[in-house]
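Along the sequence shown, the residues carry numbers beginning at 1.
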Amino acid sequence: MIVTIAVQNLKRGGLFDADGGREDRWPQLAKRITAVDPDLTLLQEAEGWADAGHRQLVRAEHDLGMDGLLAPSRSGRGTALLYRRETLGRRIAWNTDYTDTEMHHGFGVAGFDVGLPAPLAVASVHLTPYSADKAITEADFAASRAYRHGPYCILAGDINYAPAAGPDPAWDRMRPYNRGARTILTDPALHQQTAPVPDRRVAWELSANGLIDTAWHLYQQTGDDALLCRTGNDDRIDQLWVSAPLAPAVVSYTLLDTPADASDHHGLAVVLDTDRIDISRPWTYR
């Protein structure tokens with residue numbers, strides 16, 4: 001079975017501008033997402049999506065032809081997950097335990113029966129941008145919840161920090177508060193003499209949890225620099241990670257950047273062939 005996953009930071013729900021004024025960008029976002037006809041859509045900054053009886057979530061369900069789920073969020077800019085029932089069937093789980101206290105932007109894990117020895121777990125994640133140390137803790141929490149049903153999981157979204165490997169950020173484009181959170185601290189007196197060092201520990205923590213960055217995975221196979229294009233203004237902070245048994249199933253990775261005014265983040269789409277998933281060593285969560 002072929003499964004296409006789209007990932008997109010909405011920028012304030014696709015409903016507001018940076019200052020909170022009304023700005024309905026959802027039609028542009030829907031056009032970007034539907035261009036790849038996804039079976040799973042993982043969204044971040046779903047601000048306002050629960051208002052007025054989940055009006056925006058219902059709108060997205062109709063426009064995308066998918067069923068939707070919202071994770072609880074204390075920030076008000078939580079994550080959303082939409083899935084195509086014709087491909088994945090009805091969800092068999094939706095776990096949001098502890099997420100409103102452990103994750104700044106909230107978090108939820110959906111489970112699907114796609115014929116594997118254990119459910120396929122899928123999570124949309126948005127790690128805190130304010131502290132790499134806190135984001136590392138959130139990454140550990142997200143990984144542990146994504147593994148709740150077994151070894152087959154997808155974790156994707158706005159990671160907010162540099163990937164584990166690849167080009168350095170575009171420092172000249174990075175805002176000061178992001179530079180403060182996303183760089184290794186050094187003596188300020190040396191800043192004019194040495195280049196900043198990106199803090200890659202969040203990605204390293206995801207890797208330590210047995211997860212694999214799909215863009216880097218395909219880059220190692222193909223050497224295609226297009227796989228490492230920045231998704232944010234200054235770095236490839238939007239990422240899709242899979243557990244090791246899913247890595248052989250990664251078929252392609254595509255940047256979603258049209259229409260250009262849909263969001264301040266590019267999206268991405270990853271295609272999996274579930275027939276290529278490694279099921280040789282299943283395990284149960286303990």
Side-chain angles (χ1 to χ4, degrees), residues 1-9 33 36-44 66-69 71 79-85 87-89 91-96 99 103 106-127 138-159 163-164 202-203 205-207 209-218 227 231 237-254 256 267-279 282-283 285:
M1 178 172 66
I2 300 298
V3 177
T4 300
I5 308 137
V7 181
Q8 180 66 61
N9 181 305
I33 293 166
V36 295
D37 193 24
D39 304 292
L40 286 160
T41 300
L42 309 184
L43 304 174
Q44 300 80 50
M66 307 175 85
D67 292 346
L69 300 163
T79 61
L81 184 153
L82 293 96
Y83 65 95
R84 194 173 304 282
R85 193 182 300 183
T87 305
L88 299 170
R91 61 181 171 88
I92 61 173
W94 173 239
N95 191 318
T96 61
T99 61
M103 303 282 286
F107 181 72
V109 182
F112 301 95
D113 182 357
V114 295
L116 299 171
L120 175 66
V122 184
S124 175
V125 64
H126 188 178
L127 300 183
E138 290 188 346
D140 272 329
F141 174 82
S144 71
R145 302 313 293 170
Y147 279 126
R148 178 64 180 81
H149 295 289
Y152 312 110
C153 65
I154 299 166
L155 191 154
D158 185 352
I159 302 302
V202 174
E205 196 69 24
L206 291 170
S207 180
N209 277 280
L211 297 170
I212 294 169
D213 177 358
T214 53
W216 184 252
H217 175 71
L218 288 178
L227 294 162
T231 59
I237 57 174
D238 303 272
Q239 302 154 23
L240 189 149
W241 294 72
V242 296
S243 56
L246 271 62
V250 178
V251 174
S252 67
Y253 171 104
T254 305
L256 306 181
L268 58 98
V270 172
V271 176
L272 301 180
D273 181 351
T274 62
D275 293 335
R276 296 167 58 178
I277 294 174
D278 180 4
I279 60 172
W283 48 269
Y285 180 90

> Which atom pair, heavy atoms only, marks the closest approach of L42 to A123?
Replying inline: CD1-O, 3.7 Å
> If only atom types and distance count, is the side chain of T79 paired as donor or acceptor with the main-chain N or O of V125 below 3.5 Å?
Replying inline: no
> Who pairs with D278 by side-chain hydrogen bond (donor to acceptor under 3.5 Å, both in side chains), at least two apart in sequence or on another chain?
Replying inline: S280
> Once you round to the nearest 0.5 Å, how far does CG of L155 lie from OG of S243?
Replying inline: 10.0 Å
>> For a quick check under 3.5 Å, do S124 and Q44 share a side-chain donor-acceptor pair by atom type?
In response: yes
> With a 4.5 Å limit on heavy-atom distance, are the side chains of L40 and V3 in contact?
Replying inline: yes
>> Give me the atom names and distance for the closest heavy-atom approach of P163 to D213.
In response: CB-OD2, 4.0 Å
>> Looking at every non-hydrogen atom in both residues, tell me the closest pair between A118 and G150 and how far apart they are.
In response: CB-CA, 4.5 Å
> What are the two closest heavy atoms between A215 and Y253, and how far apart are they?
Replying inline: CB-CE1, 3.6 Å
> Rounded to the nearest 0.5 Å, how far apart are OG1 of T96 and CE of M103?
Replying inline: 12.5 Å
> So, do R148 and V109 sit near enough that their side-chain heavy atoms are less than 4.5 Å apart?
Replying inline: no
> What are the two closest heavy atoms between P245 and P248, and how far apart are they?
Replying inline: O-CD, 3.4 Å
>> Can you confirm whether R91 sits close enough to D67 that some side-chain heavy atom of one is under 4.5 Å from a side-chain heavy atom of the other?
In response: no
> If we only count heavy atoms from C-beta on, is the L256 to I33 side-chain gap below 4.5 Å?
Replying inline: no
>> Is the shortest side-chain heavy-atom distance between T41 and Q8 below 4.5 Å?
In response: no
> Picking from I212, V270, L240, L227, what satisfies side chain to side chain contact (heavy atoms under 4.5 Å, CB included) with H217?
Replying inline: I212
>> Within this structure, what is the OH-CD1 distance for the pair Y83 and I5, rounded to the nearest 0.5 Å?
In response: 16.0 Å
>> So L120 and L246, do their side chains get closer than 4.5 Å, heavy atoms only?
In response: yes
> Which heavy-atom pair separates V7 from A156 by the least distance, and what is that distance?
Replying inline: CG2-CB, 3.7 Å
>> In the structure I gave you, are the side-chain heavy atoms of L211 and Y147 within less than 4.5 Å of one another anywhere?
In response: yes
>> I'd like to check the salt bridge (Lys or Arg N to Asp or Glu O under 4.0 Å) partners of D238; sequence neighbours left out, ordered by chain and number.
In response: none
>> Can a donor-acceptor pair be found, under 3.5 Å and without considering hydrogens, that links the side chain of T231 to the backbone of I237?
In response: yes
>> Using 0.5 Å steps for rounding, measure from the OG1 atom of T214 to the CG atom of L272.
In response: 8.0 Å
> How long is the gap from CD on E138 to CD1 on I159, to the nearest 0.5 Å?
Replying inline: 10.0 Å
> How long is the gap from CD1 on I2 to CZ on R276, to the nearest 0.5 Å?
Replying inline: 8.0 Å
